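Read the structure below first, then the notes.
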2 protein chains.
Amino acid sequence: MTITQLHYVLAIAEHKNFTKAAEKCFVTQPTLSTQIQKLEEELDVLIFDRGKKPIELTEVGKKIVHQARNIVNESDRIQDIVDQQKGFIGGEFRLGIIPTVMPTLLPMFLKSFIKKYPKVKLKIEELTTEEIMQRIHEGHLDAGIAATPLENELIKERPLYYEPFVGYIPTDHRLAVKKKLEVSDLEIEDMLLLEDGHCFRDGVINLCKAFKDQNDEHFQLESGSIETLIKLSNEGLGMTLLPYLHTLDLNDTLKSNLHHFNEPSPAREVSLIYHKSELKIHIIEALHNSISGIIRGAIAFSNVQIISPILK
Amino acid sequence: MTITQLHYVLAIAEHKNFTKAAEKCFVTQPTLSTQIQKLEEELDVLIFDRGKKPIELTEVGKKIVHQARNIVNESDRIQDIVDQQKGFIGGEFRLGIIPTVMPTLLPMFLKSFIKKYPKVKLKIEELTTEEIMQRIHEGHLDAGIAATPLENELIKERPLYYEPFVGYIPTDHRLAVKKKLEVSDLEIEDMLLLEDGHCFRDGVINLCKAFKDQNDEHFQLESGSIETLIKLSNEGLGMTLLPYLHTLDLNDTLKSNLHHFNEPSPAREVSLIYHKSELKIHIIEALHNSISGIIRGAIAFSNVQIISPILK
DNA sequence: CATTAGTTATTAATTTAAGCTATAAAAATA
DNA sequence: TATTTTTATAGCTTAAATTAATAACTAATG
C-alpha cells in the first residue's frame with residue numbers, strides 16, 4: 001500500500017469515474033486501473049463496485065476511503081511541519097467565503113494580505129456554509145469564512161469579529177419612528193429575507209423567533225442579494241436586517257434609513273473555520289491576524305449578543 | 001514520500017543507528033541511507049543529525065517522527081478495517097501484562113481464548129505499567145493489561161474487573177483480632193510492600209495515605225514478588241495487602257490469615273489498555289469478552305472503592 | 001440488433017525507483 | 001596509528017509504476 005494508491009482511491013471515490021480521476025491525478029487511466037487492482041489484491045477485498053454505473057464504493061470501500069482521507073491528510077502535514085519550521089508562509093491556499101461576508105470583507109483585507117504574504121497563492125470562492133464545510137472535509141478547501149458557531153466536531157473555529165445586525169427601515173414603515181430598535185420590535189411577517197441557503201437568513205429568522213415564537217411558514221419576499229433587499233425595502237415591501245459591514249458602503253440617503261439596535265446588539269460571529277487537523281495552520285494564522293487587524297478599526301461594539309447561524 | 005520511507009525514519013529514530021534499523025526493516029543499510037536521503041531532499045530538511053554519535057534527531061526531525069508514527073499507525077488501520085469487515089480475528093497480537101496480574105489472570109483465560117480464537121498468535125510479556133504505555137505508544141505492543149485509571153491522552157482504557165485488596169495479617173499482628181478491616185486501620189509503617197516500579201505498591205501507598213497523611217520516607221521491607229511478601233509476613237515482619245485473585249491460590253492455613261475490608265472495599269481497576277487509534281480493536285474486543293467472561297465467575301464484589309495506581 | 005459512445009481492463013514496452021553488493025569515507029575506539 | 005564501527009557512494013539488478021495502444025464491456029440509440 002502506498003500513499004499514491006490512496007490518492008488514486010480518493011480521486012476515483014470522488015469522481016466515480018476512473019478516466020476523470022486519472023486526469024485529476026495527472027496519470028493515465030490504465031495506471032489507476034492497475035494500481036487499484038494491486039491494492040485490492042493486497043488487501044484481498046473489493047473497494048469499488050464496477051458493476052454499477054456510475055461506479056460505486058463497496059461497504060468496506062467506504063470505510064477505506066474514509067481512512068485513506070485521514071492518511072493522506074496526515075501525510076500532507078509532514079510538508080506542513082517542514083514549512084512551519086522554515087517559517088515559510090506560501091503555496092496555494094483555498095479559501096471559501098459565504099456570500100454575505102464576501103463583498104464587504106474581501107476588499108478590506110485582500111490587498112494588505114497579498115502584500116504581506118506574497119508567496120501565498122490565495123484562491124477564493126464564494127460558497128454557502130454547507131459547501132464550505134463539505135469541501136474542508138474533503139480537502140478541497142484549506143479554510144473558510146462563515147458565521148459560527150457551527151458545532152461540528154471535525155471543524156475548528158477561530159472567531160474573526162462580531163458583526164451586529166442593523167435594521168434597514170424605510171420612512172413609511174411602522175418602526176421608522178424608533179431611533180433604536182429592540183429585538184422584540186421585529187415581526188417576521190414584514191421582514192425581507194435572503195433566499196434559502198444563506199445562513200444570514202437563518203440568523204435573522206432565529207433572531208425574530210428568539211423573542212416570540214413566530215410562524216415561519218411564509219415570508220413576504222425573498223431575494224438573492226442584500227442590495228436587492230434594500231431596493232425591495234425602499235419600494236415599501238417591508239424592512240430588512242443588514243450585516244453591519246454592509247451598511248458602511250451605503251450612500252447618505254440610504255444610511256438615513258438605518259436603525260441600530262439597543263445594546264446588547266444582536267450580532268453574528270464571523271470566524272475562520274478549518275479542518276481540525278490544522279493543515280496549513282501557519283497560513284490560517286496569518287489570515288486571522290490580517291483580518292482581525294483590519295477589522296478592529298471598522299467594528300467597535302463592545303456589547304453584543306450572538307445569534308446562531310443554524311436554524312433551530 | 002512513501003509509507004516505507006516513514007517506516008525507515010521510525011526505525012532509525014528508535015535505534016539511533018542506521019545499521020541496526022536496517023536489520024529490523026529487513027533491508028540493507030545502504031537502502032536506508034539512500035531512502036532517508038531522498039526523503040530529506042524531497043522535504044528539503046535534515047531529519048537526522050549525523051554529526052552526533054549516536055545519531056540524533058533534528059528539531060524538525062522530532063516533529064516529523066511524531067507525525068510519521070501517526071501516519072504509519074493510521075495506514076495500519078486499513079488492513080484492520082478489512083479484517084474487521086471479513087470478521088477475521090487473527091494475526092500476531094502482542095500483549096503486555098503487569099507482574100501482579102500476570103500469574104493469576106493469565107492461567108484463567110489463556111486456554112479458553114486460544115481455543116476460541118486459534119488464529120490469533122498471542123505474544124505475552126510481563127512488563128511494568130510504564131513499559132506497557134511506552135511500548136503501546138511506540139507500536140511494539142498492541143495492548144496491555146494494567147491497573148487504571150492512567151489518565152493518559154493517547155491511551156484508551158477498557159475496564160476488565162475490579163479487584164479488591166485483601167489484608168494478609170499474621171496471627172501475632174495487632175490487627176489479627178479484627179474480622180473485617182477498615183482503611184483507617186492501615187499503618188504504612190508495618191506494611192510490607194513490593195519493590196519500586198510495581199503499580200500495586202503505589203496503589204497500596206495511596207490507600208494508606210488516603211485516610212491519614214503518613215510519612216512515606218522509608219518502609220520496613222520490600223520484595224519483588226507477592227509470594228515473598230507472604231513469607232515475610234509469616235515471619236512476623238508486618239502485614240501486607242494482596243490483590244483478591246492472588247488469595248484464591250493460597251492453601252487453607254494461609255487463607256486463615258486473610259482479612260477482607262468492610263465494604264466499600266478498596267480495589268484496583270484492572271483494564272485492557274490500548275492506543276487510541278484502536279488498531280486491532282476486534283482482537284481487543286475478543287480479549288475483553290474472554291477475560292471479563294471468565295472473571296465474572298471469580299470476582300463478585302458489588303461495592304468497591306477504586307484506588308489510583310499512580311502515586312499522588 | 002447492430003452501432004456508437006463511454007467506460008474499464010489488458011498487454012507489451014518503457015521508465016523510474018528501490019534494493020543489493022562491494023567499497024570508500026568518516027568517525028570513534030583501542 | 002591501527003582497528004573497529006558506522007554511514008555514504010557507486011554500479012548493477014530487479015521490481016514496480018507508468019504509458020500507449022487496444023481489447024472488452026456496458027448502456028443507450030437508431
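Source: prediction; values computed, not measured. Just so we're on the same page: letters track the sequence lines, and every chain starts at 1.
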Just to verify, what does A/Glu130 make a side chain to side chain donor-acceptor pair (under 3.5 Å) with, not counting sequence neighbours? none

Quick one: list whatever passes ring pair (Phe, Tyr, Trp, His ring centres under 6.0 Å) with A/Tyr274, sequence neighbours left out.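 Checked A/Tyr274 against ring pair (Phe, Tyr, Trp, His ring centres under 6.0 Å); zero matches.
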
Apply ring pair (Phe, Tyr, Trp, His ring centres under 6.0 Å) to B/Phe113 and list each qualifying residue two or more places apart in sequence or on a separate chain.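 Once residues adjacent in sequence are excluded, the partners of B/Phe113 under the ring pair (Phe, Tyr, Trp, His ring centres under 6.0 Å) criterion are B/Tyr117.
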
Give the table of side-chain donor-acceptor pairs shorter than 3.5 Å for residues 84-91 of chain B, with sequence neighbours excluded, one pair per line with atom names and distance.
from: B/Lys86; atom 1: NZ; to: A/Leu43; atom 2: O; distance (Å): 3.4
from: B/Lys86; atom 1: NZ; to: A/Asp44; atom 2: O; distance (Å): 2.8
from: B/Lys86; atom 1: NZ; to: A/Asp44; atom 2: OD2; distance (Å): 3.4

Its contact letters, B for base, S for sugar-phosphate only and - for none at protein heavy atoms under 4.0 Å, make nucleotides 5-17 of chain C read --SBBB------S

Assign B/Tyr8 to base, sugar-phosphate, or nothing according to its heavy-atom contacts below 4.0 angstrom with the strands shown.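 Sugar-phosphate contact only.
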
Could you state the [atom1]-[atom2] distance from [X] to [N], rounded to the nearest angstrom?
{"X": "B/Leu32", "N": "D/dT6", "atom1": "CG", "atom2": "P", "result": "14 Å"}
{"X": "B/Ile36", "N": "D/dT9", "atom1": "CD1", "atom2": "P", "result": "14 Å"}
{"X": "A/Glu42", "N": "D/dA16", "atom1": "CD", "atom2": "P", "result": "11 Å"}
{"X": "A/Met1", "N": "D/dA16", "atom1": "CE", "atom2": "P", "result": "16 Å"}
{"X": "B/Phe48", "N": "D/dT6", "atom1": "CZ", "atom2": "P", "result": "16 Å"}

Would you say A/Gln35 and A/Thr31 are linked by a side-chain donor-acceptor pair, where the criterion is simply a distance under 3.5 Å? no

Who are the side chain to side chain contact (heavy atoms under 4.5 Å, CB included) partners of A/Ala21, not counting sequence neighbours? A/Ala11, A/Ile12, A/His15, A/Leu32

Is any side-chain N or O of A/Thr28 closer than 4.0 Å to OP1 or OP2 of D/dT19? yes

